[in-house]
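Here's the structure, in structure tokens; my notes come after.
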Amino acid sequence: MAVIDRAAPRPATEGAFLVNASGVRQVYAKGDNADLVVLDDVSLTIREGEVVGLLGRSGSGKSTLLRIISGLVKPTSGRVEWRGKPVTGPSEGLSMVFQSFALFPWLTVLENVEVGLEAIGVPAAERRRRAIEAIDLIGLDGFESAYPKELSGGMRQRVGFARALVVHPRLMLMDEPFSALDVLTAETLRTDLIDLWIEGRLPIKSILMVTHNIEEAVLMCDRILIFSSNPGRVAAEIRIDLPHPRSRLDPVFRAIVDDIYGRMTQRSPAEKEARKGEGALPGTGIGMALPHISTNLISGLMEALAAPPYAGKADLPDLAATLQMEVDELFPIVETLQLMRFAELEAGDVTLTEAGRRFVDLDVDARKRLFAEHLLAYVPLAALIRRVLDERPSHKAPFTRFSEELEDYMSEDFAENTLRALITWGRYGELFGYDEHTRQFNLENPT
Ligand code: ADP
Ligand code: MG
């Protein structure tokens, strides 16, 4: 691997400011309904010499924020500065690595990496030299003349990194760059990248990385900004001082992961305020977006929780590791259990309620009845659908009857997902049925 000139990373509290963002707000208009607030009052700084992680669940506005920082999207309001100057369009000195890199299939690896330099007018000989350097650095030597289709996913992502690095950006923005790769490939790529960074061999000053993977953030970052959802806000900031290479098994590493799980499952003060008077357990109005989770996953998780070694109570990071699930998969199921009062969530621990324990011991029909009972009691939208169907002489109501109402509170795709969840849950609990052809809810075949 060739060495690219670069000073070793400096402590991040000393480096010059690259990004200064304050009060960033991003709102998308949703036709005649209320607007969708994606980011609200987001402030952050990035200095030279640091790896910063933006950790949040999917849909919390992370990609939107990256696009705003890179100057591709102008925020609705707020101030973004790049090296002390207001960002007005795409800034020089930034490059982006995406989840899956769109390589040109008709170009070789070398040509794919050179593309970025061509765009900024670097002469041909210089382009070639720098592209070969970046390719060597990222561990692709020998593959210069290969075409993308000849490469594995991990190799293709390395080309993506080489393309971002070849322009010697000050800041490399990465949007979930490891999440499309298999577990082992992702880990190899992460460690290779961090090794290069620590050795001061990357031709960049800083990294801003978006991820929904808690351990990945703790493994790689000097500082993690925890993003809350709906709207996206920086809910907490954590500095990770552990030396590299970091071990996932180190008790301090585990404690940090634990702490972050706790913070990510905590409700924001605004949310708590909005739900005051609903008791200690979170309640919901019609307008709460629901994740489309299968009833198999819901009952499967209750069974896993009830069984040893958990016997009703589990530490979330532990549970995630046992079930090999990521935050984005596990949290929505846990929250659904919480919403339906089958489990409680407190400081990163999930505990089955009495009803949750009972559910696990029941036979199929009794499970369905208990599920239906809780669905009606704790998910107002389920009660609404059932009531409308009961009241109408036809006992039918179109999908749009409810989706239009939901779109007063959420975007179209969230409304669609929410109703899809209700269709699945309603069928399981035999509360109502749904006909895909006529797009109508009904009481005819609630199975
Ligand atoms: P993340 O990267 O954290 O998953 P995104 O930034 O991609 O989140 O999206 C945040 C929210 O903003 C989502 O609800 C998404 O549907 C919405 N959104 C993103 N871009 C647009 C757009 N151009 N118009 C309308 N809504 C958008
Ligand atoms: Mg994203």
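One-based numbering, in listed order, for ligands and for the atoms of each.
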Could you tell me which atoms of ligand 1, counted from 1 in the order shown, lie closer than 4.0 angstrom to a heavy atom of [X]?
X	value
Ser58	4 (O)
Arg57	3 (O)
Ser63	1 (P), 2 (O), 6 (O), 7 (O)

Identify the protein heavy atom lying closest to [atom], giving its residue, its atom name and the separation to 0.1 Å.
atom	answer
atom 9 (O) of ligand 1	Thr64 OG1, 3.8 Å
atom 15 (C) of ligand 1	Leu36 CD2, 5.0 Å
atom 8 (O) of ligand 1	Gly61 N, 3.1 Å
atom 16 (O) of ligand 1	Asp413 OD2, 4.0 Å
atom 25 (C) of ligand 1	Tyr28 CG, 3.3 Å
atom 14 (O) of ligand 1	Phe414 CE1, 3.4 Å

Strictly under 4.0 Å, does any heavy atom of [X] approach an atom of ligand 1?
X	answer
Phe227	no
Gln26	no
Ser60	yes

Is a donor on one side and an acceptor on the other found under 3.5 Å between the side chain of [X] and the backbone of [Y]?
X	Y	value
Arg25	Asp40	no
Asp259	Ala255	no
Gln157	Gln99	yes

Problem - Heavy-atom nearest option to atom 4 (O) of ligand 1, drawn from Gly56, Ala289, Gly59 - result: Gly59
Practice task
Would you name the heavy atoms of Ala304 and Leu323 that are closest together and state the gap between them?
Solution key: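 Nearest heavy atoms, Ala304 then Leu323: CB-CD2, 4.4 Å.
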Problem - Ring geometry between Trp425 and Phe371 (parallel below 30°, tilted from 30 to 60°, perpendicular above 60°) - result: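 The arrangement is perpendicular - the two ring planes meet at more than 60°.
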Practice task
May I ask you to check if Arg386 and Phe432 form a cation-pi contact, with NZ or CZ under 6.0 angstrom from the six-membered ring centre and within 45° of the axis?
Solution key: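 Negative - Arg386 is either too far from the ring of Phe432 or too far off its axis.
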Handout entry: Row check, Phe253 ring normal vs Arg248 NZ/CZ: under 6.0 Å, within 45°
Key =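 Pair Arg248/Phe253 does not count as cation-pi.
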Exercise for the section: Would you give the length of the straight line joining atom CG of Leu337 to atom CG of Leu352, rounded to the nearest 0.5 angstrom? Expected result: 7.5 Å
Practice task
Please indicate whether any nitrogen or oxygen in Arg67 is less than 3.5 Å from any nitrogen or oxygen in ligand 1.
Solution key: no
Practice task
Establish, from distance only, whether the side-chain atoms of Ser206 and Glu50 form a donor-acceptor pair under 3.5 Å.
Solution key: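 Looking only at side-chain atoms, Glu50 and Ser206 do not form any donor-acceptor pair under 3.5 Å.
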Problem - Metal site the Mg ion (ligand 2): N/O/S of Gln99 inside 2.8 Å - result: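 Short answer: no, not a single N, O or S atom is under the cut-off.
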Exercise for the section: Check the pair Tyr28, Gln26 against side-chain contact (heavy atoms from CB on, under 4.5 Å), reporting the backbone distance first and the verdict last. Expected result: CA-CA 7 Å; Tyr28 290 115; Gln26 181 70 347; 3.6 Å; yes
Practice task
Examine the proximity of ligand 1 to Val38 and report which part, side chain or backbone, both or neither, has a heavy atom under 4.0 Å away.
Solution key: side chain
